[in-house]
Amino acid sequence: HPQRDILLLLTARLLMRYVDYHNHTYLCEHATGMPEEYIRRALELGLAEIGFSDHAPLPEGLREGITMRPEQIETYIALIEEQREIYRDRIGIRIGFEVDYPLHDSFPASYLTDNRLDYLIGSCHFLEDWAFDHPDFQEEFHRRDIDGVYQQYYGILNGLIQTGHFQILGHLDLVKKFGHRSLRSFEDEISRLGRALSGGSLSVELNTAGLRKPVGEIYPSPRILEILFENNVPVTLGSDSHLPEEVGYEFSRAAEILRSCGYRSISGYQRKKRYDVPL
Ligand code: ZN
Ligand code: FE
Ligand code: FE
Ligand code: ZN
């Protein structure tokens with residue numbers, strides 16, 4: 001049935017005209033594959049844009065196997081700029097970083113306002129010096145009060161959004177990664193974040209990596225996305241791929257969830273300017 005095949009092909013294409021703004025590179029030393037392989041995967045899926053957001057340098061002593069070194073920042077930017085040129089007629093390529101808050105002192109401040117960059121994702125992976133999302137340190141959850149961990153984490157996110165440095169808030173409820181659930185809902189804290197972000201250009205990402213982790217759920221949860229929609233907070237999409245095959249991971253499902261929460265568009269960014277991409 002050639003007609004039906006063409007229709008299917010068109011639908012698949014239309015379904016995936018999204019952006020994937022959370023992709024890593026080999027420079028962080030825990031992701032594999034060249035940027036070009038990630039881009040080819042994005043092309044196969046029919047994504048409108050792929051954005052790279054590799055881990056910005058953490059301080060020495062914390063960054064081994066987690067982020068690039070400061071002297072690799074320019075290598076990274078040049079690498080993505082080169083690919084953007086090669087693929088310019090076929091797919092939009094964006095350059096960003098995933099920056100740790102509050103540990104971003106080792107990321108030179110000039111990069112926070114560098115006009116070559118399209119966006120910065122602000123993420124919290126540390127409570128003081130505890131890398132709470134690192135599989136090697138998850139035992140610490142059993143030594144702490146879980147509600148206290150959530151409280152401290154959401155407090156840090158409040159600080160993160162006040163800085164004004166970031167275009168995207170990364171994996172909003174990452175503390176649930178290994179399945180440690182708080183006893184109370186923290187909806188008050190989420191609503192406070194929602195009000196702070198209301199009507200602005202800072203987007204919360206729907207990050208599908210949670211589906212691949214012990215918690216088995218997107219970041220943030222559908223309930224949190226509902227609260228964000230009620231507060232008129234923009235959203236975008238990220239797979240948090242550390243392998244080329246993870247680009248666009250479960251995006252049809254993610255788009256369905258966003259639509260069921262009321263969203264009809266997601267955010268794109270070019271040189272920190274936000275625009276709507278239809279969902
Ligand atoms: Zn990573
Ligand atoms: Fe992260
Ligand atoms: Fe990431
Ligand atoms: Zn991430």
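Note that the structure is predicted; figures quoted are calculated from it, not measured. The first residue in the sequence is number 1, and the count goes up from there.
- A side-chain donor-acceptor contact under 3.5 Å links Asn23 and Ser241.
- Using modelled atom types and a 3.5 Å distance limit, the side chains of His24 and Asp240 yield a donor-acceptor pair.
- Atom CD of Glu64 is surrounded by more than 12 heavy atoms from other residues, nucleotides or ligands within 6.0 Å.
- Closest heavy-atom contact between Lys213 and Tyr219: CG-OH, 3.7 Å.
- For the 3.5 Å distance criterion, the side chains of His22 and Glu205 qualify, holding a donor opposite an acceptor.
- Distance alone, capped at 3.5 Å, places no donor-acceptor pair between the Asp100 side chain and the Leu103 backbone.
- Side chain of Ser198 to main chain of Arg195: no donor-acceptor pair is present (N/O by atom type, distance under 3.5 Å, no hydrogens or angles).
- Hydrophobic clustering (ILVMFWY, side-chain heavy atoms < 4.5 Å, transitive): Leu27 and Leu62 are in distinct clusters.
- Counting heavy atoms from C-beta outward, Thr32 and His242 have side chains that stay 4.5 Å or more apart.
- Rounding to the nearest 0.5 Å places OG of Ser191 at 10.0 Å from CD1 of Ile224.
- For the pair Arg41 and Glu246, the minimum side-chain heavy-atom distance is 4.5 Å or more.
- With contacts defined as side-chain heavy-atom distances shorter than 4.5 Å, the pair Phe186/Tyr154 qualifies.
- Aromatic ring centres of His55 and His30 lie closer together than 6.0 Å.
- Residues Leu183 and Tyr153 do not share a hydrophobic cluster, clusters being chains of Ile/Leu/Val/Met/Phe/Trp/Tyr side chains in contact below 4.5 Å.
- A cation-pi arrangement is not found for Arg94 relative to Tyr21, the charged atom failing to lie both closer than 6.0 Å to the ring centre and inside a 45° cone about the ring normal.
- Within the model, atoms CG of Leu258 and CG of Leu206 stand 5.0 Å from one another, a figure rounded to the nearest 0.5 Å.
- Rounded to the nearest 0.5 Å, atoms CD (Gln167) and CG (Leu120) are 5.5 Å apart.
- Placement of Phe126 and Val175 in two distinct hydrophobic clusters is found when ILVMFWY residues are connected by side-chain heavy-atom separations under 4.5 Å, directly or transitively.
- Atom CD of Glu37 is separated from atom CG of Leu243 by 10.0 Å, given to the nearest 0.5 angstrom.
- Cation-pi geometry between Arg259 and Tyr263 is not satisfied (NZ or CZ under 6.0 Å from the ring centre, within 45° of the ring normal).
- Shown here are the salt bridge (Lys or Arg N to Asp or Glu O under 4.0 Å) partners of Asp105, two or more places apart in sequence or in another chain: there are none.
- No donor-acceptor pair under 3.5 Å is formed between the side chain of Trp130 and the backbone N or O of Glu140.
- Contact between Asp173 and Ile218 at its shortest, heavy atoms only, is OD1-O, 4.3 Å.
- Using a 4.5 Å cut-off on side-chain heavy atoms (C-beta onward), Phe52 and Pro35 make contact.
- Residue pairs that meet the side chain to side chain donor-acceptor pair (under 3.5 Å) test with at least one member in residues 67-80, sequence neighbours left out, are Arg69-Glu71, Glu74-Tyr111, Glu74-Arg116.
- Clustering ILVMFWY residues whenever any of their side-chain heavy atoms sit less than 4.5 angstrom apart, transitively, puts Phe107 in a cluster other than the one holding Leu58.
- Defined by atom type and a distance below 3.5 Å, a donor-acceptor pair is present between the side-chain atoms of Ser203 and Tyr269.
- Relative ring orientation between Tyr101 and Phe166 is described as perpendicular, the plane-to-plane angle rising above 60° on a 0-90° scale split at 30° and 60°.
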Problem - Residues Thr25, Asp54; criterion side-chain hydrogen bond (donor to acceptor under 3.5 Å, both in side chains); working and verdict - result: CA-CA 6 Å; Thr25 80; Asp54 210 356; 2.5 Å; yes
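- Annotation: Asp129, atom CG; neighbour count of heavy atoms from other residues, nucleotides and ligands within 6.0 Å does not exceed 12.
- Here the shortest heavy-atom pairing between Leu160 and Ser123 reads CD1-N, 3.8 Å.
- With hydrogens and angles disregarded, no donor-acceptor distance shorter than 3.5 Å links the side chain of Asp114 to the backbone of Ser110.
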Practice task
Show your reasoning for whether salt bridge (Lys or Arg N to Asp or Glu O under 4.0 Å) applies to Arg223 and Glu226.
Solution key: CA-CA 5 Å; Arg223 175 63 193 135; Glu226 280 175 8; 2.8 Å; yes
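- Atom-to-atom distance recorded for Phe141:CZ and Phe132:CZ is 6.5 Å, nearest 0.5 angstrom.
- Minimum interatomic distance between Cys124 and Leu174 (heavy atoms only, all atoms of both residues): O-CD2, 3.6 Å.
- Checked by atom type and distance alone, the side chain of Ser182 never pairs as donor or acceptor with a backbone atom of Asp147 at under 3.5 Å.
- Ring geometry for His180 versus His142: interplanar angle over 60°, hence perpendicular rather than tilted (30 to 60°).
- No side-chain N or O of Glu189 forms a donor-acceptor pair with one of Tyr150 less than 3.5 Å apart.
- The two residues Leu47 and Asp20 make their nearest non-hydrogen contact at CD1-CB, 3.8 Å.
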Exercise for the section: Take Glu217 and Lys177, measure what salt bridge (Lys or Arg N to Asp or Glu O under 4.0 Å) needs, and give me the verdict at the end. Expected result: CA-CA 9 Å; Glu217 185 183 79; Lys177 178 173 177 175; over 6 Å; no
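- Under a hydrophobic clustering in which Ile, Leu, Val, Met, Phe, Trp and Tyr are joined whenever their side-chain heavy atoms come within less than 4.5 Å, directly or via other members, Ile91 and Leu45 fall into the same cluster.
- Between His165 and His104, the ring-plane angle classifies as perpendicular under the 30° and 60° cut-offs.
- A distance of 8.5 Å separates OG1 in Thr236 from CD in Glu49, rounded to the nearest 0.5 Å.
- Between Ser106 and Pro70, the shortest heavy-atom distance links the atoms O-CG, 4.1 Å.
- At least one side-chain heavy atom of Pro108 sits under 4.5 Å from a side-chain heavy atom of Ile73.
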In a table with atom names and distances, give each donor-acceptor pair under 3.5 Å that connects a side chain of residues 79-86 to protein atoms at least two apart or in another chain.
from	atom 1	to	atom 2	distance (Å)
Glu85	OE1	Arg88	NH1	2.5
Glu85	OE2	Arg88	NH1	3.1

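- In this structure, Pro244 and Tyr38 have side chains that are in contact, with non-hydrogen atoms separated by less than 4.5 Å.
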